Amino acid sequence: MFSTILKNFHLDRIPREIVIMWLVIFGLCGILFLLIDFSSEETGILKTPSGEHATTPTLEPRLANIGAGSTTITPLYASMSKVFFHEKSHLNQEQYKYIPLNSEVGLDMLKHGKVGYVSMDRPLTPYERLSLDAFQFPTLIYGVTIAVNIPGIEDRQLRLSRKTLPDIFLGKITRWNDPKLAADNPELTLPDLEIVLLHPSTDSDITFTMTNYLSVISAEWANNVGRGMGVKWPVGIGETDDPDIGHKIENTLGGIGFFESGFISQYKISSVLLENASGRYVAPIHSAIDACIPFFDENVFYDYSEVQARLPGPECYPLVGMNYTVVLLNRSPTLEQTTCIAEFWEIISWMFDHGDLAEEMGTIASFLPQRFLKKIYEEYARESRASPENNMGSDGAEEIYSEF
């Protein structure tokens, strides 16, 4: 029979060993193709709008309440977790950890199933949400402090207007006795001292918040530098993270920099009053962050970057960041995963319910009000049912959220 096949396809003149070798190769390729095809179905591969594939990892239940991402919320999370685990003593605290790195590292860990959620200070793009098959929701707003080390200038004395602040960051104002700064501060005697700008040297969430604000108040900054987790700073010296910048300002005469307001108490440096959209100079204090809350609409939901930089209230501190949480949309969870996911949402609900603790703990951040929590549950349940290629798991979403 084999000889007949060779004659029919005019292969009888080719050595039998070569023909057999090629048949084996073609057979192996066919088997490999089938294996790849079936594995794609089993690992939950999603197609993105461009036709690329993104794999939704299978998360171990024990990692559901392990988070990573932004460093800006570290002071608040650390303080609130102590109260939470005191009240919830039945929970194993070792299973609930947060690793402060930055949001891009956190997203990569989420993508590869290393953590259950990510905290970040920039909104995901629609493409990112779809390719990750993830749900992002807003949690809290926080202040970003501009701090200086200028001899003779006390805390909350120096004023920086919406014009002079970006000019310092653009390198257009280089000395503290510049006439523009003197005009902002007629009651102060500013020294003839070089301005030393200190900024993050690596991609960071705080950089997104700072550059987003500068892009709104300065067309020159928007056109020449822009916003992002990392930018090409026109001037300044790079430091690695928030605490390093505060320490560096403390040790740099004429230094100026920025960090999450919750870190200010760690250093002997002076915070700055910033001009808001109403023309008033406001300090980065908790009441000025709380004053911003009414201007955030829960129906905007996914991207508050424009809102947070254009707050119109006269009592609002103008330089605030929005913190978001990102979780994967687990559409067909196991029973154990469902339990862990429910525990995660119990923590989120507790934090929203105890948002008033933020001020008591001395942090300069505010959790969003309950109207946001209701919207978060609605959106999560809706998105868990809807997918470009996968519509499984809606019953699981209903089961988790029916109790809230």
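These numbers come from the heavy atoms of this one structure, side chains and all, not from hydrogens, waters or symmetry mates. Being a predicted model, the structure only gives us computed values, none of them experimental.
Panel note: side chain Asp178, backbone Thr174; no donor-acceptor pair is recorded below 3.5 Å. The backbone N or O of Ile269 sits nowhere less than 3.5 Å from a side-chain atom of Asn149 that would complete a donor-acceptor pair. In this structure a side-chain-to-backbone donor-acceptor pair under 3.5 Å is missing from Ser70 to Met120. Panel note: side chain Glu250, backbone Lys268; a donor-acceptor pair is recorded below 3.5 Å. A distance-only check finds no donor-acceptor pair linking the side chain of Glu87 to the backbone of Phe84 [under 3.5 Å]. Side-chain N or O atoms of Tyr98 include none that pairs as donor or acceptor with a backbone N or O of Ser81 at under 3.5 Å. In terms of modelled atom types and a separation under 3.5 Å, the side chain of His354 and the main chain of Trp350 share a donor-acceptor contact. Not one N or O on the side chain of Ser349 forms a donor-acceptor pair closer than 3.5 Å with the backbone of Trp345. One N or O on the side chain of Thr74 and one on the backbone of Thr71 form a donor-acceptor pair closer than 3.5 Å.
The minimum heavy-atom distance linking Cys316 with Val282 is given by the pair O-CG2, 3.5 Å. Contact detail for Leu190 and Ala182: the closest heavy-atom pair is CD1-N, 4.3 Å. Of all heavy-atom pairs spanning Leu132 and Leu328, the tightest one is O-CD2, 3.4 Å. Tyr317 approaches Ile146 most closely through the heavy-atom pair OH-N, 4.1 Å.
Contacts of Phe372 classified as ring pair (Phe, Tyr, Trp, His ring centres under 6.0 Å), with partners at least two apart in sequence or in another chain: none. Glu275 meets the salt bridge (charged side-chain N to carboxylate O under 4.0 Å, His left out) test with no other residue; sequence neighbours excluded. Applying the side chain to side chain contact (heavy atoms under 4.5 Å, CB included) rule to Val105 yields the partners Leu101, Asn102, Met109; only residues at least two apart in sequence or on another chain are considered. For Asp155, the side chain to side chain donor-acceptor pair (under 3.5 Å) partners two or more places apart in sequence, or in a different chain, are Ser271. Scored by the side chain to side chain donor-acceptor pair (under 3.5 Å) test, Tyr96 finds Glu343 as partners (sequence neighbours excluded). Applying the side chain to side chain contact (heavy atoms under 4.5 Å, CB included) rule to Pro123 yields the partners Gln136, Phe208, Asp303, Tyr324; only residues at least two apart in sequence or on another chain are considered. For Asp297, the side chain to side chain donor-acceptor pair (under 3.5 Å) partners two or more places apart in sequence, or in a different chain, are Asn299. Residues satisfying the side chain to side chain donor-acceptor pair (under 3.5 Å) criterion with Asp184, sequence neighbours excluded, are Ser161, Thr164. Applying the salt bridge (charged side-chain N to carboxylate O under 4.0 Å, His left out) test to Glu194 and every residue at least two apart in sequence or in another chain returns nothing. Residues that satisfy the salt bridge (charged side-chain N to carboxylate O under 4.0 Å, His left out) test with Glu379, not counting sequence neighbours, are Lys375, Arg382. Qualifying salt bridge (charged side-chain N to carboxylate O under 4.0 Å, His left out) partners for Arg280, counting only residues two or more places apart in sequence or in other chains: Glu315.
For the residue pair Asn323 and Ser119, a side-chain donor N or O sits within less than 3.5 Å of a side-chain acceptor on the partner.
The CD1 atom of Ile348 lies 11.5 Å from the CG atom of Asp353; values are rounded to the nearest 0.5 Å. Between the CG atom of Asn177 and the CG atom of Leu188 there is a distance of 13.0 Å, given to the nearest 0.5 Å. Expressed to the nearest 0.5 Å, how far CG of Leu158 lies from CG of Leu274 amounts to 9.5 Å. Rounding to the nearest 0.5 Å places CG of Leu165 at 15.0 Å from CZ of Arg159. Residue Ile150 holds its CD1 atom at 9.0 Å from CG of Leu253, rounded to the nearest 0.5 Å. Distance check, rounded to the nearest 0.5 Å: CG of Asp108 to NZ of Lys114 gives 10.0 Å.
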query = Would Lys111 and Leu107 count as a side chain to side chain contact (heavy atoms under 4.5 Å, CB included) if you check the C-alpha gap in whole Å, the side-chain angles of each, and the deciding distance to 0.1 Å?
reply = CA-CA 6 Å; Lys111 181 180 179 181; Leu107 283 176; over 6 Å; no

inquiry  = Please evaluate residues Ile73 and Leu140 with respect to the criterion side chain to side chain contact (heavy atoms under 4.5 Å, CB included), reporting the C-alpha separation (whole Å), side-chain torsions for both, the decisive distance (0.1 Å), and the verdict.
reply    = CA-CA 9 Å; Ile73 47 79; Leu140 59 89; 3.8 Å; yes

task = Check the pair Ser366 / His286 against side chain to side chain contact (heavy atoms under 4.5 Å, CB included), numbers first and verdict last.
result = CA-CA 8 Å; Ser366 292; His286 195 275; 3.5 Å; yes

ask   = Can you check side chain to side chain contact (heavy atoms under 4.5 Å, CB included) on Asn276 and Leu311, steps first, answer last?
value = CA-CA 8 Å; Asn276 65 19; Leu311 296 165; over 6 Å; no

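For residues 209-222, every residue pair satisfying the side chain to side chain donor-acceptor pair (under 3.5 Å) rule, not counting sequence neighbours, is listed here: Tyr142-Thr209, Lys172-Glu220, Asn212-Arg227.
Checked for salt-bridge contact, Arg371 and Glu298 meet the test: a charged N lies under 4.0 Å from a carboxylate O. Using a 4.0 Å cut-off between charged nitrogen and carboxylate oxygen, Glu128 and Arg122 count as a salt-bridge pair.
Looking at Leu181 and Ile168, their side chains come closer than 4.5 Å, going by heavy atoms from C-beta outward. Contact of the Val320 side chain with the Ile289 side chain is registered, since non-hydrogen atoms from C-beta on lie closer than 4.5 Å. Taking the side chain as every heavy atom from C-beta outward, Ser79 and Leu357 never approach each other to under 4.5 Å. In this structure the side chain of Leu124 reaches within 4.5 angstrom of the side chain of Val326, judged on heavy atoms. Using a 4.5 Å heavy-atom cutoff, the side chains of Thr145 and Ile364 are not in contact. Residues Met229 and Thr207 fail the side-chain proximity criterion, which asks for heavy atoms closer than 4.5 Å. The shortest side-chain heavy-atom distance between Thr139 and Leu368 does not fall under the 4.5 Å cut-off. In this structure, the side chains of Pro369 and Ile293 come closer than 4.5 Å at one or more pairs of heavy atoms.
Dense packing is recorded around NZ of Lys88, with more than 12 heavy atoms of other residues, nucleotides or ligands lying under 6.0 Å away.
Checked against a 6.0 Å centroid threshold, the rings of Tyr380 and Phe137 do not count as neighbours.
Exactly one of Phe259, Phe169, Trp233 qualifies for a ring pair (Phe, Tyr, Trp, His ring centres under 6.0 Å) with His199. That residue is Trp233. The only member of Val231, Ile206, Asp205 that meets side-chain contact (heavy atoms from CB on, under 4.5 Å) when paired with Pro200 is Ile206. Partner of Phe296 under the ring pair (Phe, Tyr, Trp, His ring centres under 6.0 Å) criterion, chosen from Phe367, Phe301, Tyr304: Tyr304.
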